[in-house]
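Note that the structure is a prediction, hence the values are computed from the model and not measured. Numbers restart at 1 for each chain; the letters A, B, ... are given by sequence-line order, proteins then strands.
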Protein chains: 2
Amino acid sequence: MKKVGKFVSYTDQVYREVKGAVISQDIVPGETLQERQIADTLGVSRTPVREALKRLEFEGWVETIPWKGVVVKEIERQDILEVFQCRYANEGYVAKLIAPTIEDAHIQDLNRIDQRMREAAAVVNRQEFINEDRNFHMYLAQLTNNERLIQFLDHLSDQLLRLGIRAVAEEARMDEALEEHKAIIQALKAKAPETAAQAVEAHIQNTEKVVMNLIDEEDWEWA
Amino acid sequence: MKKVGKFVSYTDQVYREVKGAVISQDIVPGETLQERQIADTLGVSRTPVREALKRLEFEGWVETIPWKGVVVKEIERQDILEVFQCRYANEGYVAKLIAPTIEDAHIQDLNRIDQRMREAAAVVNRQEFINEDRNFHMYLAQLTNNERLIQFLDHLSDQLLRLGIRAVAEEARMDEALEEHKAIIQALKAKAPETAAQAVEAHIQNTEKVVMNLIDEEDWEWA
DNA sequence: AAGTAACATCTGGTATACCAGACACCAAAC
DNA sequence: GTTTGGTGTCTGGTATACCAGATGTTACTT
């Protein structure tokens with residue numbers, strides 16, 4: 001968002017602060033936020049707080065309930081399903097789109113990300129694994145040069161962050177995911193659009209299964 | 001956006017006003033808007049204007065250039081390509097998703113929209129034709145019950161509105177589009193996911209071709 | 001005449017004051 | 001004890017004042 005030089009507006013700071021708190025579950029769904037309260041806590045006026053909250057509302061993180069306050073939206077089973085549906089539709093297409101024109105340098109970049117993920121898996125660093133996984137998927141998206149697509153997928157990924165490291169709770173899943181990524185890279189290297197798309201779709205579907213199982217097993221009290 | 005009863009905030013009014021002006025080309029790309037100027041014109045203070053502009057910026061309609069003002073974003077060839085790519089990926093998936101569980105009532109609704117489009121085509125009412133075309137596509141999207149998908153496609157459609165009625169400048173295209181819609185409806189009625197998806201994808205690809213040809217033929221001076 | 005420095009005046013960013021709607025609570029009436 | 005009505009105090013919505021950065025112009029210096 002608009003910055004001149006090193007200038008970062010209070011609005012952006014508040015935005016990141018609150019969004020981070022929502023993602024990391026510091027603010028629990030159902031909890032109500034108030035402009036004045038946040039403004040006092042962060043030591044700024046209501047204006048930047050107000051703008052940050054508006055943006056968060058637009059992005060679907062919070063919901064304004066008139067005369068009550070801003071409440072963090074619950075994350076429900078349906079939300080996860082929606083996100084995975086969207087990812088399925090778009091990331092498969094991404095693979096189809098970029099396969100024909102992918103370059104060696106891109107494959108090398110992907111392998112580098114893959115390598116870092118393997119290292120993270122080796123020491124069971126789930127957070128790092130997840131971060132690099134996101135990099136992997138977003139790297140593919142960026143190769144389309146389609147800003148709208150990139151932004152959409154980025155936003156979808158953001159929402160999954162609230163699931164935390166649950167998606168790779170089992171170490172075995174990390175190895176599976178790595179194999180699936182390998183298949184994707186190979187299909188891309190072979191410049192095979194359909195194969196690549198199928199590999200991506202399978203990968204996402206598998207991830208979805210793991211996540212949904214976890215949700216259904218846990219006492220999923222966020223919903 | 002948040003309304004209590006019949007209350008509509010100034011922010012919303014300004015938002016619709018400006019967005020409408022952009023879509024209908026009353027405000028031409030490159031033109032700079034200023035908070036104070038709009039506020040004076042519409043007789044409200046800067047605050048609601050500011051919030052409306054922020055939202056428009058977030059949605060990609062305008063761009064803030066520091067110390068200059070807010071300028072309406074140009075619509076370029078690349079933008080159209082991006083929108084059609086996104087529609088291709090998502091609407092095909094929509095068809096695949098809804099085909100298995102579509103009900104007779106839905107088919108009837110689609111036929112009703114189709115009927116209205118035929119009437120519009122008969123009297124060469126391009127505006128009406130386009131409106132109903134949008135209804136057709138959004139109706140399909142809504143059957144997925146995937147709010148994120150629906151919102152994304154809605155936003156994409158919005159952006160195409162700036163093309164105006166160019167997409168159906170030739171009457172022949174209207175008939176083609178109607179045939180393609182018919183194919184979609186039939187595939188859905190047969191509950192054939194793959195066929196339906198292909199029909200939708202073909203339809204979008206054809207529309208894209210027509211639009212792109214028009215853009216390349218015209219002296220496309222917006223870009 | 002050319003260059004430069006000061007300033008007037010744009011911009012958006014922020015802080016603050018005030019308003020009306022909504023609601024909770026308590027007191028008074030029955 | 002129950003109901004009802006008024007009031008205090010929440011909320012977000014809006015208007016306004018002020019600030020700092022950026023810029024373009026003007027006036028003065030050389």
Side-chain angles (χ1 to χ4, degrees), chain A residues 1-22 27-74, chain B residues 1-22 27-74:
Chain A
M1 217 59 170
K2 159 188 354 161
K3 36 183 185 208
V4 182
K6 286 196 269 190
F7 175 74
V8 177
S9 68
Y10 285 157
T11 299
D12 285 355
Q13 290 181 40
V14 174
Y15 168 78
R16 288 178 201 162
E17 195 80 24
V18 177
K19 180 170 158 185
V22 172
I27 307 177
V28 57
E31 190 169 345
T32 77
L33 306 173
Q34 286 128 14
E35 291 181 1
R36 285 176 173 85
Q37 171 197 324
I38 298 174
D40 291 346
T41 304
L42 300 181
V44 297
S45 82
R46 275 180 60 208
T47 308
V49 172
R50 181 180 178 73
E51 295 186 349
L53 289 181
K54 276 264 159 128
R55 190 168 156 196
L56 288 166
E57 180 183 7
F58 187 80
E59 289 181 359
W61 297 100
V62 301
E63 189 176 7
T64 301
I65 296 184
W67 324 119
K68 278 298 180 185
V70 175
V71 305
V72 178
K73 270 201 185 167
E74 315 250 357
Chain B
M1 222 53 168
K2 159 187 350 160
K3 36 181 185 209
V4 181
K6 285 197 269 189
F7 174 73
V8 176
S9 68
Y10 285 157
T11 298
D12 285 354
Q13 290 180 41
V14 174
Y15 168 78
R16 288 178 201 162
E17 195 80 23
V18 177
K19 179 170 160 186
V22 171
I27 307 178
V28 57
E31 190 169 344
T32 77
L33 305 173
Q34 285 128 16
E35 292 180 1
R36 286 175 173 85
Q37 171 198 324
I38 298 174
D40 291 345
T41 304
L42 299 182
V44 298
S45 82
R46 276 180 60 208
T47 308
V49 172
R50 179 181 179 72
E51 296 186 347
L53 289 181
K54 277 266 159 129
R55 190 169 158 195
L56 288 167
E57 180 183 6
F58 188 79
E59 290 182 358
W61 295 101
V62 301
E63 188 177 9
T64 300
I65 296 183
W67 325 120
K68 278 298 179 186
V70 175
V71 304
V72 178
K73 269 202 186 167
E74 315 251 357

Q: Write down the distance between CG (B:Asp12) and P (D:dG12), rounded to a whole number of angstrom.
A: 16 Å
Q: Could you tell me the separation between the CG atom of A:Leu42 and the CD atom of A:Gln37, rounded to the nearest 0.5 Å?
A: 9.5 Å
Q. Can a side chain N or O of B:Arg50 be found less than 4.0 Å away from OP1 or OP2 on C:dG12?
A. no
(Q) As a test of understanding, state which of B:Arg55, B:Glu51, B:Lys54 forms a side-chain hydrogen bond (donor to acceptor under 3.5 Å, both in side chains) with B:Thr11. (A) B:Glu51
(Q) For B:Val72 and B:Val28: C-alpha separation, side-chain torsions, deciding distance, then whether side chain to side chain contact (heavy atoms under 4.5 Å, CB included) applies. (A) CA-CA 7 Å; B:Val72 178; B:Val28 57; over 6 Å; no
Q. Looking at OG1 of B:Thr47 and CZ of A:Arg50, how far apart are the two atoms once the value is rounded to the nearest 0.5 Å?
A. 8.0 Å
Q.
Could you measure the distance from the CG atom of B:Leu33 to the CG atom of B:Leu53? Nearest 0.5 Å is fine.
A. 6.5 Å
Q: Compare side-chain N and O positions of A:Thr11 against OP1 and OP2 of C:dT14 and report whether any pair is under 4.0 Å apart.
A: yes
Q.
For a side chain to side chain contact (heavy atoms under 4.5 Å, CB included) check, start with the C-alpha distance between A:Glu57 and A:Val70, then their side-chain angles and the critical distance, and finish with the verdict.
A. CA-CA 9 Å; A:Glu57 180 183 7; A:Val70 175; over 6 Å; no
Q) Whole-Å distance between D:dG13 P and B:Arg55 CZ? A) 12 Å
Q | Straight-line distance of A:Glu63 CD to A:Leu56 CG, nearest 0.5 Å | A | 13.0 Å
Show each protein N/O and nucleotides 7-11 of chain D N/O combination with a separation under 3.5 Å, one pair to a line.
from, atom 1, to, atom 2, distance (Å)
D:dT11, OP1, A:Gln34, OE1, 2.9
D:dT11, OP1, A:Gln34, NE2, 3.4

Q) Does any residue of residues 39-47 of chain A have a heavy atom under 4.0 Å from DNA chain D, and if so, which ones, in number order? A) A:Arg46
**Q.** Distance-minimising heavy-atom pair for B:Tyr15 and B:Ala52
**A.** N-CB, 3.6 Å
(Q) What is the separation between atom CG on A:Leu53 and atom P on D:dG12, rounded to the nearest whole Å? (A) 8 Å
